[in-house]
Every structure is written in C-alpha cells, then in structure tokens.
Amino acid sequence: NIHFDVCFCSPLDRARQTAELLLEGRNIPVNVDERLIEMSFGICEGEQNVFSKPDSPMYPFFMDPLNYKAPQGAESFEQLFSRTGSFLKEVVNPLLEQNKDVLIVGHGAMNNSIISQVKNIPLKDFWTIEIPNCKIIPLG
C-alpha cells in the first residue's frame, strides 16, 4: 500500500520481474535504466565463497572497500558511483523536486551505491548498509 508515482529498474530480468510484482494492479510503468544494472565484477563474475578466499581480488571488495582494485573487466567503486550518481542527478532529483515518490528496483552493490550517495555514507562503510531482498528502504 505504498504510493509510487514512477518506477525505475535495472535491465536485468530479476529486477524487472520484482518491479512488475510490486506494481501489479497499478497504472505505473516500469522504466528500465541501464545505469541501474548490477556492478560488473569482470573476470571474477560468478566467483563463490570469496569471504573464505583472502587471495581473491573480490575479497577486499567486501571486506575492505577502500582497498578494492577492480579486476580485469570489472567496475571500480568510482565507476559505479559515477553512473548511479548521474542517474540520481539527472532522473531522480528532478522528480523529487516535483514531490514525486520514486521506486528504484535493483541489486546489492548498485542499491548500496545509491543509498551511500543519498545518505553520505563513506566508502569504508559501504557494506554496513544491509538491504534484505525485496525490502523497501525509504530515502526521503
């Protein structure tokens, strides 16, 4: 029963399906924006159990974000924040200025980057933002 005026989501199917479920029965279109796709992990895409692999390039991503170096083909935090920041500046902020309620449906790192920027959370605390699946996090 939460009011939304507009919805934006990642181009990945699981995000679009979640958005459609949330908006079922409402006359609110799901707008796909490429900037909301999950962060790319390059050659480490799909790697599992990184928490138990201190030699993995993805270990610092989760354990020490300030010292994360993007592996080949992966995005850096700077790149992630740049694309989600442009989405906030160009799309979300003008809608908020019009008092619109905006729903953003995405993925873990991408969602955390948006929350970090809106709430001015430093990179070292990036993973202190805990977002359970399908949880609505009000930012206003």
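Basis for what follows: all heavy atoms, side chains included, without hydrogens, waters or symmetry-related copies.
- Here the shortest heavy-atom pairing between Ile28 and Leu23 reads O-CD1, 3.8 Å.
- If you take CG on Asn112 and CD on Glu130, they are separated by 9.5 Å, rounding to the nearest 0.5 Å.
- Closest approach of Ile37 to His107, counting heavy atoms only: C-CD2, 4.0 Å.
- Side-chain contact check for Lys69 versus Pro60: every heavy-atom pair is 4.5 Å or farther apart.
- The backbone N or O of Pro94 lies less than 3.5 Å from no partner atom in the side chain of Lys100, so there is not a single donor-acceptor pair.
- When the side chains of ILVMFWY residues are joined at heavy-atom separations under 4.5 Å, either directly or via intervening members, Val32 and Met110 end up in two distinct hydrophobic clusters.
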Worked check of side-chain contact (heavy atoms from CB on, under 4.5 Å) between Ile115 and Ile131: CA-CA 10 Å; Ile115 293 170; Ile131 307 172; 3.3 Å; yes
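- Arg83 is linked by a salt bridge (Lys or Arg N to Asp or Glu O under 4.0 Å) to Glu75, counting only residues two or more places apart in sequence or in another chain.
- Side-chain contact check for Phe87 versus Ile104: some heavy-atom pair is nearer than 4.5 Å.
- In this structure, Pro71 and Met58 approach most closely via the heavy-atom pair CG-SD, 4.2 Å.
- Just one of Phe62, Tyr59, Phe61 meets the ring-ring contact (aromatic ring centres under 6.0 Å, His included) condition when paired with Phe51; it is Phe62.
- No more than 12 heavy-atom neighbours from other residues, nucleotides or ligands sit within 6.0 angstrom of NZ on Lys89.
- Counting only residues at least two apart or on different chains, the salt bridge (charged side-chain N to carboxylate O under 4.0 Å, His left out) pairs with a member in residues 7-34 are Asp33-Arg35.
- What you find for Ala15 and Ser10 is that their closest heavy atoms are CB-CB, 3.7 Å.
- One finds the CE atom of Met39 at 5.0 Å from the CZ atom of Phe77 (value rounded to the nearest 0.5 Å).
- Residue Phe126 comes nearest to Leu80 through the heavy atom pair CZ-CD2, 4.3 Å, listed as atom of the first residue, atom of the second, then distance.
- Taking hydrophobic clusters as Ile, Leu, Val, Met, Phe, Trp and Tyr residues chained together by side-chain heavy-atom distances below 4.5 Å, Phe8 does not share a cluster with Leu12.
- In this structure, Pro57 and Tyr68 have side chains that are not in contact, with every pair of non-hydrogen atoms separated by 4.5 Å or more.
- No path of Ile, Leu, Val, Met, Phe, Trp and Tyr side chains, each step under 4.5 Å between heavy atoms, connects Phe4 with Leu21, placing them in separate hydrophobic clusters.
- Ser76 and Gln79 get closest at one heavy-atom pair: N-OE1, 2.8 Å.
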Asn93 and Leu96: CA distance, side-chain angles, deciding distance, side-chain contact (heavy atoms from CB on, under 4.5 Å) verdict: CA-CA 5 Å; Asn93 290 346; Leu96 295 178; 4.3 Å; yes
Phe81 vs Ser116, side-chain contact (heavy atoms from CB on, under 4.5 Å): CA-CA, chis, key distance, verdict: CA-CA 9 Å; Phe81 276 75; Ser116 293; 3.8 Å; yes
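- Judged as a side-chain hydrogen bond (donor to acceptor under 3.5 Å, both in side chains), and not counting sequence neighbours, the contacts of Asp101 are His3.
- In the hydrophobic clustering of ILVMFWY residues, with side-chain heavy atoms under 4.5 Å counting as a link, Val92 and Ile121 come out together.
- The 12-atom threshold is exceeded at CD of Gln98, counting heavy atoms of other residues, nucleotides or ligands nearer than 6.0 Å.
- Hydrophobic clustering, with ILVMFWY side chains joined whenever heavy atoms are under 4.5 angstrom apart, keeps Ile43 apart from Phe41.
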